[in-house]
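Some notes on the structure that comes next.
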Amino acid sequence: MARHLITSAIPYINGIKHLGNLVGSQLPADLYARYQRGRGHEVMFLCATDEHGTPAELAAAKAGKPVAEYCAEMHGIQAEIAKGFRLSFDHFGRSSSPQNHALTQHFAGRLHEAGLIEEVSERQVYSNADGRFLPDRYIEGTCPNCGYDKARGDQCENCTKQLEPTDLIEPRSAISGSTDLEVRETKHLYLKQSQMRGKLDDWINSKSDWPVLTTSIAKKWLHDGDGLQDRGITRDLDWGIPVKNGDADWPGMEGKVFYVWFDAPIEYIACAGEWAEANGGDWERWWRTDKGAEDVRYTQFMGKDNVPFHTLSFPATIMGSGEPWKLVDYIKSFNYLNYDGGQFSTSQGRGVFMDQALEILPADYWRWWLLSHAPESSDSEFTWENFQASVNKDLADVLGNFVSRVTKFCRSKFGEEVPAGGNYTDAETALIADLTTRICAYEGHMDAMEVRKSANELRAIWVAGNEYLQAAAPWSTFKEDPEQAAMQIRLALNLIRLYAVLSKPFIPDASATLMTAMQTQEDAWPDDVAAALEVLAPSHAFTVPDVTFRKITDDERADWQDRFSGVRD
RNA sequence: GGGCCUGUAGCUCAAUUGGUUAGAGCAGAGCGCUCAUAACGCUUUGGUUGCGGGUUCAAGUCCUGCCGGGCCUACCA
């Protein structure tokens with residue numbers, strides 16, 4: 001039995017995530033976690049909310065709440081929605097947890113001891129009206145290059161010129177609009193990543209099986225210009241993890257917090273600690289190679305925007321600590337999902353958000369479409385037409401209708417129990433051989449995290465059931481040879497159970513419904529297909545399930561298309 | 001500006017890493033079936049692989065120049 005540590009990029013706290021966020025990390029991670037559990041492996045699947053940083057403070061202010069209260073509330077909401085999508089986290093933690101505070105401060109202390117932290121004095125823009133330092137992009141003004149009056153302090157969106165905040169004409173705070181700005185001197189800690197460049201480069205180069213998307217981004221950062229740059233790991237904010245040197249105070253760093261991208265990945269580790277606190281158990285055997293984690297395979301899932309932090313700064317933190325923490329073994333990264341010709345956008349409220357999706361359809365519909373269209377090789381696009389067509393065809397017609405025709409035929413001819421009699425012919429042997437090949441291919445794709453290919457293969461396995469039924473034609477066989485028809489339909493009933501087991505990673509609710517209808521709990525992975533198709537023995541009782549997947553009507557589609565065409569408040 | 005990814009059938013995507021005649025699903029057309037959610041099965045029409053050069057016995061795949069789409073560019077996360 002292998003041991004899999006799986007983490008999904010942790011969603012930011014400032015609102016409900018959209019379907020693009022979901023398909024880029026949490027959902028494929030869940031697919032993989034469920035699959036590995038299904039294969040009988042030991043899995044630790046962790047996710048959390050990422051709660052620090054300027055946007056969290058601003059979102060809380062906008063909601064009129066203290067930031068700690070806001071984050072606690074949003075964490076609860078995100079946890080509830082994750083449950084709604086059947087994301088099977090072993091623990092859904094918080095980057096603001098005491099565990100993460102302690103661990104983040106611990107890592108900073110270790111890095112300091114290793115000579116990898118440098119204090120840098122720099123000049124930053126301070127807004128008197130807002131009472132805070134402003135990150136470059138929270139300063140607006142007129143672009144000195146093109147005259148655009150909403151240019152940001154880091155770059156002008158209009159002419160794309162890179163800017164310094166001090167370049168802007170009539171700079172103002174993007175938060176309050178105040179022009180009462182001044183440049184102040186402030187001291188920050190930098191992680192000397194540049195010293196670890198060679199080590200990181202060797203490490204990345206050893207990962208020849210990683211997706212190009214992952215390694216090319218890492219290599220660009222390692223080699224571009226002067227190479228990997230040191231990175232500030234502290235900020236002048238109120239909300240965050242106070243800068244400390246392990247347990248000790250850090251002179252000169254009073255009132256400062258760690259940068260959100262320093263503490264967020266550490267939450268992957270701290271989250272295991274939160275899990276242990278909540279459930280009991282030993283979290284270090286998942287994370288410390290000196291304490292039982294040497295046989296763990298660690299896989300991370302994330303959108304492409306997260307790649308530099310997971311390939312460079314977090315590994316630099318781990319390596320630099322000099323302690324035997326588990327390093328990631330495989331990074332699966334995703335492109336973006338677009339919405340009807342544009343981008344999904346949290347800040348602009350464009351697209352379908354996770355809570356809205358669950359209001360209109362059950363989780364399985366979304367899980368199936370999103371996973372079978374996951375943006376693996378390039379950005380992909382959500383359209384309502386495509387969604388309706390795929391869901392109706394794949395789930396309702398191919399799988400749902402198969403269940404329906406088999407169970408209803410059996411009920412009318414043999415009653416609601418698995419019929420006895422008859423012997424396999426060449427057709428059944430051929431079906432078993434075909435399924436064996438296909439399941440093997442399905443396993444290969446799932447092991448390789450080829451999400452779309454896995455979905456295709458699973459669908460083909462469903463189709464094989466319809467093909468068999470059409471060729472065997474038990475409705476005809478029944479007229480001359482009822483025993484033979486009994487054998488055919490017994491096999492078909494067993495196919496339903498087999499499908500429930502194989503499909504569980506994609507559509508867990510439907511899988512459970514089918515298992516209940518077949519009145520069985522035998523969900524072991526079908527390593528032996530022939531044996532798996534005899535689990536439901538003659539005289540085993542079953543029930544005819546209600547419609548497994550209903551179809552999306554044209555009216556509904558048009559209605560939703562219209563309802564989600566604008567922006568959310 | 002720089003770097004990376006990408007462009008294949010009406011649509012969504014493949015193509016064993018340079019190897020027979022570029023394949024699937026959906027949509028379209030035809031036939032069959034009647035157990036089933038008007039479902040299922042079989043057959044079938046669609047491609048000058050964005051455009052132009054080049055390398056090679058062989059190019060969707062490699063090189064090069066254009067054209068289009070996207071991402072990143074380190075203080076948003």
Side-chain angles (χ1 to χ4, degrees), chain A residues 9-14 50 52-56 58 122 124-125 133-139 152-155 160-162 164-165 174 188 193 211-213 215-217 219-221 223-225 228-232 235-236 259-261 264 303-309 312-313 335-336 338 343 346-347 372-373 375-381 383 385-386 389-390 392-413 452-453 455-456 459-460 463 465-478 485 488-489 492 546-551:
Chain A
I10 63 179
Y12 199 65
I13 196 71
N14 68 339
D50 177 13
H52 300 135
T54 310
L58 297 181
E122 53 193 22
Q124 288 187 354
V125 174
F133 281 94
L134 297 177
D136 290 356
R137 70 170 52 196
Y138 284 100
I139 303 161
R152 292 189 319 217
D154 55 343
Q155 186 175 37
T160 73
K161 188 177 168 60
Q162 307 265 327
E164 292 295 320
H188 282 294
Q193 299 185 132
V212 180
L213 183 64
T215 51
S216 66
I217 293 173
K219 286 176 182 171
K220 155 79 167 155
W221 281 53
H223 300 296
D224 190 41
L228 188 62
Q229 301 297 296
D230 296 342
R231 195 168 181 110
R235 292 289 184 276
D236 289 295
Y259 174 43
V260 54
W261 263 118
K304 57 184 165 185
D305 52 332
N306 273 238
V307 168
F309 306 100
L312 301 170
S313 31
N335 286 285
Y336 290 147
N338 290 323
Q343 289 194 344
T346 304
S347 56
S372 61
H373 293 78
E376 289 177 296
S377 54
S378 62
D379 291 354
S380 66
E381 174 146 325
T383 63
E385 287 85 356
N386 189 306
S390 294
N392 285 357
K393 192 68 192 174
D394 299 346
L395 297 181
D397 294 346
V398 175
L399 178 61
N401 181 57
F402 176 77
V403 173
S404 184
R405 66 195 295 205
V406 170
T407 52
K408 286 180 180 171
F409 178 79
C410 187
R411 179 173 63 186
S412 77
K413 304 298 186 202
R452 279 189 313 219
K453 287 180 183 171
N456 275 336
R459 185 188 190 280
V463 167
N466 282 312
E467 285 170 352
Y468 169 74
L469 220 53
Q470 192 66 30
W475 49 89
S476 301
T477 317
F478 185 78
Q488 293 167 339
I489 213 67
D546 293 332
V547 170
T548 315
F549 291 102
R550 71 175 186 82
K551 291 204 188 195

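In what follows, every chain begins at residue 1, and chains take the letters A, B, ... in the order their sequences are listed. What you are looking at is a predicted structure, and each value in this text was computed from that prediction instead of being measured.
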*Apply the test side chain to side chain contact (heavy atoms under 4.5 Å, CB included) to residues A/Phe133 and A/Thr54: give CA-CA distance (whole Å), side-chain angles for both, the deciding distance (0.1 Å), then the verdict.*
CA-CA 10 Å; A/Phe133 281 94; A/Thr54 310; over 6 Å; no

Heavy atoms under 4.0 Å, any strand shown: does [X] hit a base, just sugar-phosphate, or nothing?
X        : answer
A/Phe549 : base
A/Pro474 : nothing
A/Glu467 : sugar-phosphate
A/Lys453 : sugar-phosphate
A/Asn386 : sugar-phosphate
A/Val260 : sugar-phosphate
A/Val403 : nothing
A/Ser412 : nothing
A/Lys220 : base
A/Gly400 : base
A/Phe402 : nothing

Can you tell me, in whole Å, how much space there is between the [atom1] of [N] and that of [M]?
N     : M     : atom1 : result
B/C63 : B/A59 : P     : 15 Å
B/C75 : B/G65 : C1'   : 39 Å
B/A15 : B/A77 : C1'   : 37 Å
B/G54 : B/G28 : P     : 43 Å
B/U16 : B/A36 : P     : 44 Å
B/U37 : B/C71 : P     : 46 Å
B/G70 : B/U8  : P     : 15 Å
B/C51 : B/U6  : C1'   : 16 Å

Is [X] near enough to [N] that one of its side-chain N or O atoms lies under 4.0 angstrom from OP1 or OP2?
X        : N     : result
A/Arg231 : B/C75 : yes
A/Tyr259 : B/A77 : yes
A/Arg405 : B/C35 : no
A/Arg452 : B/A14 : yes
A/Arg459 : B/C26 : yes
A/Lys304 : B/U73 : no
A/Tyr336 : B/C72 : yes

Within this structure, what is the [atom1]-[atom2] distance for the pair [X] and [Y], rounded to the nearest 0.5 Å?
X        : Y        : atom1 : atom2 : result
A/Gln124 : A/Leu134 : CD    : CG    : 9.5 Å
A/Arg550 : A/Asn392 : CZ    : CG    : 9.0 Å
A/Ser313 : A/Asp230 : OG    : CG    : 12.0 Å

*asked:* Tell me whether the ring of A/Phe409 lies stacked over the B/C35 base, given a 5.5 Å limit on centroids and a 30° limit on the plane angle.
replied: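 So no, this residue does not stack on that base, at least one cut-off failing.
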
Using Watson-Crick or G-U wobble geometry with both distances under 3.5 Å, which nucleotide pairs with [N]?
N     : answer
B/G28 : B/U44
B/G19 : B/C57
B/C71 : B/G3
B/U64 : B/G52

Contact summary for [X] and [Y], nearest pair of heavy atoms:
X        : Y        : result
A/Asn335 : A/Lys304 : OD1-NZ, 3.1 Å
A/Asn306 : A/Ala9   : OD1-CB, 3.8 Å
A/His188 : A/Glu122 : CD2-OE2, 3.3 Å
A/Trp475 : A/Leu469 : CH2-O, 3.4 Å

Closest to the [X] side chain, choosing from [options]:
X        : options             : answer
A/Gln470 : B/C26, B/C4, B/G32  : B/G32
A/Val547 : B/A74, B/U34, B/U37 : B/U37
A/Arg137 : B/C71, B/C76, B/C40 : B/C76
A/Thr548 : B/C75, B/C13, B/U37 : B/U37
A/Lys408 : B/U37, B/A77, B/A74 : B/U37
A/Lys393 : B/U12, B/A27, B/U37 : B/A27
A/His373 : B/C75, B/C76, B/U12 : B/U12

With a 3.5 Å cut-off and just heavy-atom distances, do the side chain of [X] and the base of [N] make a donor-acceptor pair?
X        : N     : value
A/Gln124 : B/C75 : yes
A/Asn401 : B/A39 : no
A/Glu122 : B/C75 : yes

*Have a look at A/Pro474 and tell me which of A/Lys413, A/Arg405, A/Gln488 forms a side chain to side chain contact (heavy atoms under 4.5 Å, CB included) with it.*
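So the option named by the test is A/Gln488.
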
*Could you walk me through whether A/His373 and A/Asn386 pass the side chain to side chain contact (heavy atoms under 4.5 Å, CB included) check?*
CA-CA 10 Å; A/His373 293 78; A/Asn386 189 306; 3.3 Å; yes

Atom pair distance, as rounded to whole Å: [atom1] in [X] and [atom2] in [N]:
X        : N     : atom1 : atom2 : value
A/Asp397 : B/G25 : CG    : P     : 15 Å
A/Arg411 : B/U37 : CZ    : P     : 9 Å
A/His52  : B/C76 : NE2   : P     : 18 Å
A/Ile217 : B/G2  : CD1   : C1'   : 15 Å
A/Ile13  : B/A77 : CD1   : P     : 14 Å

_Checking one value: the base orientation of B/U56, syn if chi is within 90 degrees of 0, otherwise anti._
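Base orientation: anti.
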
*asked:* Which is it for B/G46, anti or syn, if anything within 90° of zero counts as syn?
replied: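 That one's syn.
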
*Starting at the 5' end of RNA chain B and moving along, which residue's nearest nucleotide shows up first, A/Asp50 or A/Ser372?*
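Closest to the 5' end, via its nearest nucleotide, is A/Ser372.
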
*Start at the 5' end of RNA chain B and walk down; is the nucleotide closest to A/Val398 or to A/Trp221 reached first?*
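The answer here is A/Val398.
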
